[in-house]
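This report concerns only the one structure given below.
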Amino acid sequence: MKKIHSPKRKKIMLIIIAGLILFAVINVIWFFKELKPYLIYQEKLNGKVLAAERDRLLYDGEDYCYYVAYPTYLRWCDGNLSIAAPLEEKEVLDDGQTLYVANNSLLIWLNDFDGTIRDIGVTVELDDRMYDVYIENSTTARYPDEQWIVDESQEAINMLFNKAEEAWGLEMPWGA
């Protein structure tokens, strides 16, 4: 029996091999560009003495919750670090589970490759209402019409910034 090596079959095999190599390269770039910085910050959390652990959700002794949300596979912008506090029991659900809600939280999005801070957002509760605000530093809202929220929440924002520095060793952008 004689194998037939047609030019068409060779061309198809080269296309398949090139596609597999391209897919592997994309995965390696995604790993180092997107995922690796978050893995490093998760390791920093694992080295801390925290009261309880469930998946990547870690608590300290003061009811602060730390979380590392990894980027979705082959997505290029959706991971973050977060701190929420204090956790308060809000209600008991029909199935007997307790719902806990944080009054204030800090979200940190990282730059590609180096893991430095790209964006910061806070969620704060004022007068029983929740506000989401992007901030430039601990005292400055990104958008001027939201500055009053940052001013009213300064103590909570400072506490969250301190917790981020303690937990991850981040150099947070403090305002003047």
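What you see is a predicted model; the values in this text were computed from it and never measured.
Put simply, Ile15 and Ile17 are part of two different groups of oily side chains (I, L, V, M, F, W, Y) that touch within less than 4.5 Å, one to the next. Under a hydrophobic-cluster definition in which Ile, Leu, Val, Met, Phe, Trp and Tyr are linked whenever side-chain heavy atoms come within less than 4.5 Å, directly or via other members, Leu107 and Trp174 are assigned to different clusters. Residues Val25 and Ile16 are members of separate hydrophobic clusters, defined by side-chain heavy-atom contacts under 4.5 angstrom among Ile, Leu, Val, Met, Phe, Trp and Tyr. In this structure, Met13 is not a member of the same hydrophobic cluster as Leu22, with clusters built from ILVMFWY side-chain heavy atoms closer than 4.5 Å. Ile40 and Trp109 fall into different hydrophobic clusters, defined by Ile, Leu, Val, Met, Phe, Trp and Tyr side-chain heavy atoms under 4.5 Å apart, directly or through other members.
When all heavy atoms of Tyr41 and Gly115 are compared, the closest pair comes out as OH-O, 2.9 Å. Among all heavy-atom pairs drawn from Val150 and Thr140, the shortest one is CG1-N, 4.1 Å. Closest approach of Asn137 and Pro173 over heavy atoms only: CB-O, 2.9 Å. Heavy-atom minimum distance, Ala164 versus Met172: CB-SD, 3.9 Å.
With rounding to the nearest 0.5 Å, the separation of NZ in Lys36 from CG in Leu39 is 9.0 Å. Considering NZ of Lys163 and CD1 of Ile83, their distance stands at 8.5 Å, rounded to 0.5 Å. Atoms CD1 and CG, on Ile117 and Leu170 in that order, are 5.0 Å from each other to the nearest 0.5 Å. Annotation: the span from Glu152 atom CD to Glu125 atom CD amounts to 13.5 Å, rounded to 0.5 Å. Atom OH of Tyr38 is separated from atom CG of Leu35 by 9.5 Å, given to the nearest 0.5 angstrom. Asp119 CG to Ile108 CD1: the interatomic distance, rounded to the nearest 0.5 Å, is 11.0 Å.
Between the side chains of Glu166 and Asn162, no donor-acceptor pair of N or O atoms lies under 3.5 Å. Defined by atom type and a distance below 3.5 Å, a donor-acceptor pair is missing between the side-chain atoms of Gln42 and Trp168.
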When you look at Gln154 and Ser138, which way does the side chain to side chain contact (heavy atoms under 4.5 Å, CB included) test go after all the steps? CA-CA 8 Å; Gln154 196 58 67; Ser138 65; 4.3 Å; yes
Which is it for Trp148 and Val133 under the side chain to side chain contact (heavy atoms under 4.5 Å, CB included) test, yes or no, and what are the steps along the way? CA-CA 11 Å; Trp148 70 272; Val133 181; over 6 Å; no
Go through it in stages, so that I can follow the logic: the residues are Ile135 and Phe161, the test is side chain to side chain contact (heavy atoms under 4.5 Å, CB included), and I'd like the CA-CA distance, side-chain angles, deciding distance and then a yes or no. CA-CA 12 Å; Ile135 57 176; Phe161 268 50; 3.7 Å; yes
Show, in sequence, the C-alpha distance, side-chain angles and deciding distance for Asn27 and Tyr73, and conclude whether the side-chain hydrogen bond (donor to acceptor under 3.5 Å, both in side chains) test is met. CA-CA 9 Å; Asn27 275 275; Tyr73 177 63; 2.5 Å; yes
Take Asn104 and Thr123 through the side chain to side chain contact (heavy atoms under 4.5 Å, CB included) test and state the conclusion after the steps. CA-CA 5 Å; Asn104 304 302; Thr123 300; over 6 Å; no
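With hydrogens and angles disregarded, no donor-acceptor distance shorter than 3.5 Å links the side chain of Glu136 to the backbone of Ala141. Between the side chain of Gln147 and the backbone N or O of Thr139, at least one donor-acceptor pair lies under 3.5 Å. A donor-acceptor pair under 3.5 Å links the side-chain atoms of Ser153 to the main chain of Ile149, judged by distance alone.
Note on ring orientation: taking the six-membered ring where Trp is involved, the planes of Tyr143 and Tyr134 are perpendicular (angle over 60°, cut-offs 30° and 60°).
The side-chain heavy atoms of Leu81 and Leu110, taken from C-beta on, include a pair separated by under 4.5 Å.
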